Amino acid sequence: MEKTWRWFGKKDKITLPMLRQIGVEGIVTALHDIPNGEIWPIEAILDMKNYIEEAGLRWSVVESLPVSESIKYAGADRDLLIDNYIISLENLGKAGIKTICYNFMPVLDWARTDLNHIWSDGSSSLYFDRVQFAYFDMYILEREGAEKDYSQEIIDKTKDLDKTISESEKEQLIENIIIKTQGFVNGNITEEDKQPVALFKQLLALYDGIDRKALRDNMKYFLEKIMPICDQYEIDMCVHPDDPPYQLLGLPRIVTNEEDIEWFLKSVDNTHNGLTFCAGSLSAGIHNDVPALARKFASRTKFVHLRSTNVFENGNFIEASHLEGRGHLIELVQIFEKENPNLPMRVDHGRLMLDDGNKAYNPGYSFVGRMFALAQMDGVMATIKKLKL
């Protein structure tokens with residue numbers, strides 16, 4: 001597998017020469033300065049590509065070319081935004097960049113309630129607490145009908161939490177769920193927004209009346225529109241699974257399990273319509289058998305995210321060691337090396353460890369923590385190759 005690394009552009013504190021030294025071969029990045037929905041100019045693409053290549057690396061994967069909300073909920077400007085998307089794809093194709101990771105998650109990208117959950121060894125990682133998330137939904141967002149989405153046990157625990165939670169803890173939940181995890185990935189809300197909760201409510205309202213079937217129809221419409229340009233330039237589109245892989249905040253999520261993946265692959269049955277196999281996202285759903293999914297969909301996988309999670313009895317989950325957890329990464333490497341070798345892969349959501357905590361890295365994207373994870377996966381890949389497992 002090609003060892004790649006998610007890099008956030010020329011302003012990233014982690015430099016390309018640093019990545020060369022730790023064995024990275026390919027770069028996963030995007031043109032983060034261009035607002036969602038606008039065309040990526042060929043000049044900007046080539047400038048980024050040349051910058052990466054001058055450092056002795058290659059631009060392996062675009063993550064991501066964002067799909068605007070209006071495309072997802074079928075707004076009045078959907079076709080215009082898809083036309084812009086097609087032009088951006090054409091420009092990427094002309095530049096020789098052929099793998100595009102994207103997602104079709106409404107409003108909210110990946111969701112966590114704690115960005116610095118402390119482990120016994122002093123390192124920290126991302127964490128999802130169902131009660132805290134439900135509290136955010138019912139007491140901070142005050143979403144109408146939210147209580148219908150939770151068990152009575154969860155509702156009772158949120159009532160208890162409301163008696164003890166401080167205003168600063170409420171603000172931290174807002175930061176963690178809708179600001180810090182979203183803004184750095186071309187999200188809808190940034191740290192500059194003065195009223196993030198009000199803005200978030202407006203975004204949720206755009207999906208009134210949009211259920212799973214409607215979102216599926218909109219995804220199919222989008223894919224059918226872009227496949228001709230993908231065919232022309234041999235561009236692989238690979239959708240990222242929903243993280244976590246179940247419904248949140250009353251929003252439909254449609255890339256959560258085996259049936260969902262099979263649906264979108266068959267709905268637009270084109271070799272360029274593929275999957276980003278994120279073991280971490282899929283493993284956060286107790287309903288998913290991650291190695292079985294890898295075996296079934298290996299041929300349509302275009303990009304791999306190697307990370308893992310542990311899910312607890314109460315439904316909470318935490319980022320696991322890359323050698324442990326429900327992601328079964330050692331087995332996944334065996335599967336992909338046998339069934340679809342040479343795929344680009346990147347380790348994901350490394351722990352904060354050693355001096356990572358002083359660097360203000362994007363959540364989940366530490367340097368030392370990801371370097372440690374990459375070394376683990378590099379050893380796994382070398383062993384599998386050497387022993388021909």
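A quick note: this is a predicted structure, and the numbers were derived from the prediction, not measured. Positions are given from 1 along the sequence.
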F128 and F133: aromatic ring centres closer than 6.0 Å? yes
Are Y85 and F222 close enough that their ring centers fall under 6.0 Å? yes
From CA spacing to verdict: side chain to side chain contact (heavy atoms under 4.5 Å, CB included), I140, L173: CA-CA 9 Å; I140 297 176; L173 272 181; 4.3 Å; yes
For the student: nearest non-hydrogen atoms of [X] and [Y], plus distance:
| X | Y | value |
| --- | --- | --- |
| L31 | M48 | CD2-CB, 4.0 Å |
| N84 | G37 | ND2-O, 2.9 Å |
| A294 | F336 | CB-CZ, 3.9 Å |
| H349 | H322 | O-CE1, 4.4 Å |
| C101 | S64 | O-CB, 2.9 Å |
| C278 | P241 | CB-CD, 3.9 Å |

Could you note down all residue pairs passing side-chain hydrogen bond (donor to acceptor under 3.5 Å, both in side chains) where residues 131-143 supplies at least one of them, sequence neighbours left out? Y135-D162, D137-R143, D137-Y150, R143-D149
Pairs where residues 47-59 contributes a residue and the test side-chain hydrogen bond (donor to acceptor under 3.5 Å, both in side chains) is met, not counting sequence neighbours: E2-R58, K10-D47, R58-S60
Say whether, by atom type as modelled, one donor and one acceptor occur between the side chain of [X] and the main chain of [Y] under 3.5 angstrom.
| X | Y | value |
| --- | --- | --- |
| T309 | F317 | no |
| R307 | A373 | no |
| N362 | Y365 | no |
| D12 | F8 | yes |
| N273 | V268 | yes |
| E69 | V107 | yes |
| S151 | I154 | yes |
| E169 | S166 | yes |
| N218 | K72 | yes |
| D109 | D242 | no |

Nearest 0.5 angstrom please: [X] [atom1] to [Y] [atom2], how far?
| X | Y | atom1 | atom2 | answer |
| --- | --- | --- | --- | --- |
| N103 | H240 | CG | NE2 | 8.0 Å |
| I235 | H272 | CD1 | NE2 | 8.5 Å |
| L92 | K98 | CG | NZ | 10.5 Å |
| N314 | E153 | CG | CD | 8.5 Å |
| S123 | R351 | OG | CZ | 4.0 Å |
| M345 | L329 | CE | CG | 10.0 Å |

With a 4.0 Å cut-off, would you call [X] and [Y] a salt bridge?
| X | Y | result |
| --- | --- | --- |
| E259 | R216 | yes |
| D348 | R370 | no |
| R112 | D243 | yes |
| E25 | R20 | no |
| D269 | R300 | yes |

Within the 3.5 Å criterion, strictly below it, is a donor on [X] or [Y] matched to an acceptor on the partner's side chain?
| X | Y | answer |
| --- | --- | --- |
| N270 | D231 | yes |
| S70 | D77 | yes |
| Y102 | E63 | no |
| Y221 | D79 | yes |

Quick one: do R253 and L108 satisfy side chain to side chain contact (heavy atoms under 4.5 Å, CB included)? Show the steps, please. CA-CA 10 Å; R253 289 193 154 199; L108 192 68; 4.2 Å; yes
Is the NZ or CZ atom of R6 both under 6.0 Å from the centre of the six-membered ring of F303 and within 45° of that ring's axis? no
Joint cluster assignment, [X] & [Y], ILVMFWY side-chain distance < 4.5 Å:
| X | Y | answer |
| --- | --- | --- |
| L354 | F367 | yes |
| L248 | I210 | yes |
| I97 | W40 | yes |

With a 4.5 Å cut-off on side-chain heavy atoms, are F136 and T113 touching? no
Would you check if W119 and S125 make a side-chain contact, meaning some heavy-atom pair closer than 4.5 Å? yes
For the pair V24 and L374, evaluate side chain to side chain contact (heavy atoms under 4.5 Å, CB included) and give the outcome as yes or no after the intermediate values. CA-CA 9 Å; V24 171; L374 178 61; 3.9 Å; yes
Using side-chain contact (heavy atoms from CB on, under 4.5 Å) as the criterion, point out the one residue from T276, I226, L89, V239 that pairs with I100. L89
Please list, one pair per line, the donor and acceptor atoms closer than 3.5 Å that link side chains of residues 375-389 to other protein atoms, with sequence neighbours excluded.
| residue | atom | partner | partner atom | Å |
| --- | --- | --- | --- | --- |
| D378 | OD1 | K3 | NZ | 3.4 |
| D378 | OD2 | K3 | NZ | 3.3 |
| T383 | OG1 | G379 | O | 2.8 |

